[in-house]
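Take a look at the structure below.
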Amino acid sequence: MPPPPALPASPVAPAFPHIQWDPLGSLRLTAQETALLRMAETNPIEYTLADSRDASMYARVLLKVVAEASAAASASGDVAQLTDAVTEEAALTILDADPIGVVTHYAIHKLYSIIEHLMNGASAVTVASVFYVGKEGILVDQWKALLRVLNKGGKGDAFAQTGASLCLALILATACPSQQSAATKVVDGQTVKARPTSYSSAVEPLEALTAWIISQLKSSSGSTVALSIPAMTALMTATESRLLFAASGGVKYLSRQLRSGGRKQSAKKDAGDKSSASVQQLYELTFCLWTMTYELEGSYSIRTDFAKDGLAVGALTDLITIAPREKVVRVSLSALRNLATCTSDVDAGPAGSPRIDGQIFLTDMIACRLMKQIDNLRQRQFTDPDVIDDVEVLHRLLHENYKEMSRWEVYKNEVESGHLQWGTCHTEAFFKENARMVEGTDGDFRLLKVLIALLSSKDEEVASIACHDIGEFVRYYPNGRAIAKRLGAKELVMPLIEHDNVDLQRHALQCVSKIMVQHWEFVKTG
């Protein structure tokens with residue numbers, strides 16, 4: 001069984017040995033529960049967890065502490081506002097001012113230590129035997145204490161939310177049928193089978209935790225997203241939780257975060273900022289998306305999620321382009337290879353549905369100009385044989401697919417992906433030959449509408465190319481001026497004439513001239 005994701009240290013950890021339980025009446029602890037907490041603090045964790053009954057009792061006391069402390073704590077308490085570690089002196093001051101906040105951190109820290117030890121240790125006691133009860137292995141009711149920490153909302157306690165969500169994820173993943181073989185241990189040369197667990201008792205909490213993770217992924221704040229990453233990584237170990245994550249829109253939101261994070265990292269790289277924190281977060285998000293690609297073969301709906309708007313392929317291609325660290329490139333390449341080689345043999349989808357397999361993803365990759373990046377990567381000296389193999393496989397598949405595509409198909413896919421880059425498809429000769437193709441098979445000029453929408457792109461090169469292509473369409477398509485005007489091109493291009501970017505300004509002026517003037521080439525464009 002792989003080790004669980006790491007939980008960062010609590011900022012008030014130096015205060016933990018100084019907690020006095022007797023004055024904390026709001027926790028409603030019995031004398032026996034208080035004695036158990038003190039005993040566990042003085043004994044090695046191996047001793048405390050040696051017996052299944054003792055370990056279960058200790059875990060439940062900690063969950064009770066979390067529940068009672070969470071109910072009594074203030075969202076604006078001293079501890080909840082901390083993001084960085086403090087000195088022991090400062091931690092003791094905070095303990096006096098906000099003992100409930102410190103106790104919450106303590107209990108979550110201890111719960112994680114229990115789970116980590118049970119997953120990594122050689123004891124016959126398991127996570128299942130501690131957190132699942134009865135012959136059928138039903139999840140203990142006290143799990144709700146951890147969810148309550150997550151649902152406090154607002155600018156909650158970062159450590160408490162990260163720790164509570166991670167502990168809950170590790171407990172719930174244990175019940176997933178796909179993890180039952182992984183839960184078997186070898187103790188003193190003897191194979192110890194994990195006790196049975198009821199997956200049905202874990203479904204509701206899994207859904208609640210997944211909904212919380214998705215809500216964090218919807219945020220534009222990197223620090224908010226970071227709260228959910230350890231729990232999300234833990235859930236990625238089980239097929240059942242991956243499928244639930246996908247059904248909740250996880251692939252889309254994960255891809256959006258990678259796209260946004262990649263662009264921010266690119267801007268930082270251009271500015272000379274080599275911050276490792278943001279790179280690490282990109283790696284962890286990419287790792288989760290890569291893990292999801294292992295469900296492609298068996299799920300039509302997950303292939304559909306990955307194919308939606310070409311978002312996932314675009315995000316992974318961007319990461320390879322900016323190459324923040326080799327480990328990010330390595331995982332991105334592996335994910336792209338899984339996409340490029342997936343088939344629809346196991347689950348082809350509902351009758352009459354379009355076929356979605358590696359061919360679709362390869363087309364998206366070509367549209368995103370991945371071929372150029374792969375060609376560049378072939379010139380680099382990688383020491384990891386897996387990276388070399390992924391690069392070679394992608395190079396072969398991309399070039400084979402490209403040979404089978406017409407220039408128009410390449411252009412159409414590029415426009416639909418939104419990844420416009422200057423090349424042979426953005427020339428006068430190309431539009432002389434292909435302007436009539438822009439009307440589409442249904443005569444709805446869908447591709448022209450996409451180009452007009454790209455005039456609003458924040459990427460100035462994309463907007464410039466969109467201006468150029470719209471202008472060339474107007475020149476070579478009969479009545480192109482009237483069509484472009486009717487679809488709103490003029491209104492979106494006009495403001496770009498005063499744009500700060502000189503190239504965009506020039507292409508916008510040329511585009512407007514082509515729309516408005518018959519002999520546009522005589523108009524002075526600077």
Side-chain angles (χ1 to χ4, degrees), residues 3-13 75 79-86 101 104-105 108-109 111-112 115-116 146-147 149-170 173 208-237 241-242 245 248-269 273-292 315-316 318-319 322 324-325 327-328 331-332:
L7 176 65
S10 162
V12 291
V79 174
Q81 308 307 310
L82 293 174
T83 55
D84 299 318
V86 298
T104 301
H105 278 217
I108 290 173
H109 162 73
L111 274 170
Y112 175 77
I115 296 168
E116 182 185 35
L146 298 172
L147 187 64
V149 174
L150 306 184
N151 290 338
K152 295 196 88 170
K155 294 184 178 178
D157 185 324
F159 173 82
Q161 291 195 332
T162 300
S165 61
L166 176 56
C167 287
L168 187 54
L170 293 169
L209 177 58
T210 301
W212 178 80
I213 291 172
I214 295 295
S215 71
Q216 307 308 298
L217 287 177
K218 290 180 180 179
S219 172
S220 59
S221 166
S223 58
T224 299
V225 172
L227 298 177
S228 67
I229 291 178
M232 180 167 54
T233 304
L235 290 184
M236 290 297 157
T237 59
S241 48
R242 289 200 293 259
F245 179 78
S248 304
V251 171
K252 174 176 71 175
Y253 294 115
L254 198 49
S255 299
R256 282 184 182 175
Q257 283 296 337
L258 282 173
R259 192 75 176 273
S260 172
R263 287 173 176 173
K264 289 177 183 175
Q265 188 61 33
S266 180
K268 286 183 178 182
K269 191 175 180 181
D273 183 351
K274 298 182 179 179
S275 171
S276 60
S278 54
V279 172
Q280 180 61 23
Q281 183 165 310
L282 270 181
Y283 169 72
E284 290 166 349
L285 291 171
T286 308
F287 178 87
C288 289
L289 189 64
W290 165 71
T291 306
M292 290 298 300
L316 292 167
D318 285 348
L319 290 174
I322 63 172
R325 292 287 191 280
K327 64 180 181 180
V328 178
V331 180
S332 299

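What's counted below: heavy atoms across the whole structure, side chains too, no hydrogens, waters or symmetry copies. By convention here, the first residue in the shown sequence is residue 1. Computed from a prediction, not measured in an experiment: that's the story for all the values here.
Annotation: ring pair (Phe, Tyr, Trp, His ring centres under 6.0 Å) contacts of F245 (sequence neighbours excluded): none. Listed by chain and number, the residues in a ring pair (Phe, Tyr, Trp, His ring centres under 6.0 Å) with W212 amount to none (sequence neighbours excluded). Not a single ring pair (Phe, Tyr, Trp, His ring centres under 6.0 Å) links Y283 to another residue, sequence neighbours left out.
In this structure a side-chain-to-backbone donor-acceptor pair under 3.5 Å is present from T291 to F287. Between the side chain of R259 and the backbone N or O of A315 there is no donor-acceptor pair closer than 3.5 Å. At least one donor-acceptor pair closer than 3.5 Å links the side chain of T237 to the backbone N or O of A234. Put simply, the side chain of S228 gets close to the backbone of V225: a donor and an acceptor are under 3.5 Å apart.
When V328, L319, V331, L258 are each tested for a side chain to side chain contact (heavy atoms under 4.5 Å, CB included) with L285, only one passes: L258.
Between A160 and H105, the closest heavy-atom pair is N-NE2, 4.2 Å. Closest of all the heavy-atom pairs between T162 and P230 is CG2-CG, 3.8 Å. Minimum interatomic distance between T233 and C288 (heavy atoms only, all atoms of both residues): OG1-SG, 3.7 Å. Across every non-hydrogen atom of R242 and M292, the tightest pair is O-CE, 3.4 Å.
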Q) Step by step, would you call S219 with S221 a side-chain hydrogen bond (donor to acceptor under 3.5 Å, both in side chains)? A) CA-CA 5 Å; S219 172; S221 166; 4.6 Å; no
(Q) I'd like to know whether E116 forms a side-chain contact (heavy atoms from CB on, under 4.5 Å) with L7, so could you lay out the CA-CA distance, the side-chain angles of the two residues, the decisive distance to 0.1 Å, and finally the verdict. (A) CA-CA 10 Å; E116 182 185 35; L7 176 65; over 6 Å; no
